Structure formats: C-alpha cells, structure tokens
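Notes to accompany the following structure.
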Amino acid sequence: MNTTAVLSLPDAAALAWFFLLIGGYRIVAEFRNIKSRSISGAVQVQRVRWMRTMAQRDARLMDAILLGHLSQGNAFFASTCAIAIGGLVTLLGRGDSAMAALQELPYVAHSTPISWTVKVILLISIFAYAFFKFAWAFRLSHYTAILIGATPLLEAGDDAACLRHADAIAELNGIAAEHANAGLRSFFYSIAAMAWFFHPLLFIAATAAVVLILVRRDFFSRSRNILASCDFP
C-alpha cells in the first residue's frame, strides 16, 4: 500500500517535514562542538562544579534534596505522559464523533477515518517516547543519588580518586538530564502534531515554529548566556 492510499499528498508531505525537522535538529544539536555551546552544555559545566563541591562537603543533605526535586519532576512528567496516552487511546475509539465535531470549524481540512487514526497514533507515539525518556531519567536520578552517597571524603587520602568519582556522578546526572530534555522536547513536538488535526499546512508551520523556538532557547536565549557566563575557574 502506498502512502497516498492512507494519507493525502499534503498530509504525507507534512508528516515527512515533521520527521525531517525534528530528526535533523536532534542530530545537529548532538554534535559535540555545537552541544557545548548550548544551554545543556552550559548546565553540564555547572553539574561538574556542583559534584566537585559536593565531594568537599561532609554533610551532603542539601545535594540529596536538590537531586530529589529533579527526580520528582521527571516522575511528574512521566505520569503526565501516561495520562495523555490513556486519553488518546480513548479518542481512538471515539474518532468519528471527534472528527465530525472538529470539521465543523472553519478552514479545517477534511480527514478520512484512516488519516484521523494516523494523527492520533502519531500523538500517542510522541507521548510514549516521552514517557520512556522521563522514566529512564527518573531511574538514572536514583543511580546518581546512590553515587552521591558512595562519594568518599576528600580527607580520606586520595583526592584525585574522589574528584574522578565526582566527575562520573556529574556525567551520569548529565545523561539523565539529556533523557529528560528529550522528553520535554516531545511535549513541544506534540503541540506541532496537534496542528495536523486542523490542516497539514498549519502542521508544517507549527513544526517549523517549534523547532525555531527550541533552537533559540537552546542556543540564543538569555538563560543560556547567563549560564555560560558562570563558567569561571
């Protein structure tokens, strides 16, 4: 079965544009030289500083509290994804009435039952992907907490080993943040995907707008500049 048998040509082009943009952005943003200039790269520098400072403290309660707050955020978003998936699965069973109500609005493009199902499945896939990302980030936060508890004291004798341990904790925490960031990006992409229910051209424009917003926030925002300016010895 060819693509146009399921989707119209504008719908198929819009879907291809969606995957091209979000896939291309992910690939380009992961290049080391580019990633180091992003807000994620600036935050990772602060994670290393945080864990090295943590290694010099006798009482690490504050570090555990901070990490707990980050972990709770991942758990919240994972549960939100599960709720969204449940609602969208319910929508699959009531597609006819929902589609009819939506198409009463002006300028809404016509959808066949099959194309409507594809649109809902796309949203389910996005939230399922986000769920796995947040759930793994939540798990990695637990591993990070364990490593913090296992951090030796600097005065124990081997300062170099202690600092290497702190750097490993920062790296693991950074991996958790990467998964959480991928989950958050999925929420942005779901907004673009919802535009597809109205019109494929709106879907194309929304996808481009979302990617531009992410590029600005990751590389050109005031927050990124502030975090990068804190990179002092």
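Keep in mind that what you see is a predicted model, and the values were worked out from it rather than measured.
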Begin with the C-alpha distance, continue with both residues' side-chain angles, and end with the deciding distance and a verdict on side chain to side chain contact (heavy atoms under 4.5 Å, CB included) for L227 and C230. CA-CA 5 Å; L227 285 164; C230 294; 5.8 Å; no

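- Rounding to the nearest 0.5 Å gives a distance of 10.5 Å between CG of L122 and NZ of K119.
- Comment: R47 does not engage D167 in a salt bridge, judged by the lack of any side-chain N to carboxylate O separation of less than 4.0 angstrom.
- F127 pairs in a ring pair (Phe, Tyr, Trp, His ring centres under 6.0 Å) with only one of the listed residues (F132, F187, F77), which is F187.
- Atom-to-atom distance recorded for S186:OG and I191:CD1 is 11.5 Å, nearest 0.5 angstrom.
- The CG atom of D63 sits 6.5 Å away from the CE atom of M51 when rounded to the nearest 0.5 Å.
- Between F138 and H142, a ring centre-to-centre spacing shorter than 6.0 Å is recorded.
- The neighbour count for E171 CD, taken as heavy atoms of other residues, nucleotides or ligands under 6.0 Å away, does not exceed 12.
- W136 and N74 share no donor-acceptor pair across their side chains, judged by distance under 3.5 Å alone.
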Walk me through it: do F197 and L123 pass the test side chain to side chain contact (heavy atoms under 4.5 Å, CB included)? CA-CA 11 Å; F197 287 93; L123 274 176; 3.4 Å; yes

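- The two residues P10 and P200 have their closest heavy-atom pair at O-CB, 3.7 Å.
- Closest approach of S229 to I226, counting heavy atoms only: OG-O, 2.6 Å.
- Hydrophobic clustering of Ile, Leu, Val, Met, Phe, Trp and Tyr side chains at less than 4.5 Å, counting indirect connections, unites V118 with I204.
- Following chains of ILVMFWY side-chain contacts shorter than 4.5 Å, one can reach F31 starting from L21, so the two form part of one hydrophobic cluster.
- Checked by atom type, the side-chain pair W50/N173 shows no donor-acceptor distance below 3.5 Å.
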Would you check, one step at a time, whether the test side chain to side chain contact (heavy atoms under 4.5 Å, CB included) holds for L92 with I124? CA-CA 10 Å; L92 277 177; I124 292 174; 3.8 Å; yes

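- For the pair W196 (side chain) and F203 (backbone), a donor-acceptor distance under 3.5 Å is absent.
- Annotation for A180 and F134: closest pair O-CE2, 3.4 Å, computed over non-hydrogen atoms.
- I148 CD1 to M54 CE: the interatomic distance, rounded to the nearest 0.5 Å, is 5.0 Å.
- Heavy-atom contacts from other residues, nucleotides or ligands closer than 6.0 Å to CZ of R57 number more than 12.
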Walk me through whether F220 and N225 qualify under side chain to side chain contact (heavy atoms under 4.5 Å, CB included). CA-CA 7 Å; F220 305 103; N225 294 337; over 6 Å; no

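- Considering CG of L214 and OG of S221, their distance stands at 11.0 Å, rounded to 0.5 Å.
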Given side chain to side chain donor-acceptor pair (under 3.5 Å), test R185 with Y189 step by step and report yes or no. CA-CA 6 Å; R185 285 179 182 173; Y189 298 147; 5.1 Å; no

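- Placement of W17 and V211 within a single hydrophobic cluster is found when ILVMFWY residues are connected by side-chain heavy-atom separations under 4.5 Å, directly or transitively.
- The backbone N or O of A228 sits nowhere less than 3.5 Å from a side-chain atom of Q46 that would complete a donor-acceptor pair.
- In terms of hydrophobic clustering, with Ile, Leu, Val, Met, Phe, Trp and Tyr side chains grouped at heavy-atom distances under 4.5 Å, L67 and V48 are assigned to different clusters.
- The backbone N or O of F76 lies less than 3.5 Å from a partner atom in the side chain of T80, making a donor-acceptor pair.
- The shortest non-hydrogen separation linking A137 to A176 is CB-O, 3.3 Å.
- Looking at T112 and S115, their side chains do bring a donor and an acceptor atom within 3.5 Å of each other.
- Considering every non-hydrogen atom in both I34 and V28, the closest pair reads CD1-O, 3.5 Å.
- Side-chain contact of Y25 with D218: a donor-acceptor pair under 3.5 Å is present, judged by distance alone.
- In this structure, CD in Q44 is found 8.0 Å from NZ in K35, a value given to the nearest 0.5 Å.
- Minimum heavy-atom separation, R224 to F219: CD-O, 3.6 Å.
- Cluster annotation: I121 is not connected to I83 through the hydrophobic network of ILVMFWY side chains, with a link wherever side-chain heavy atoms come within less than 4.5 Å.
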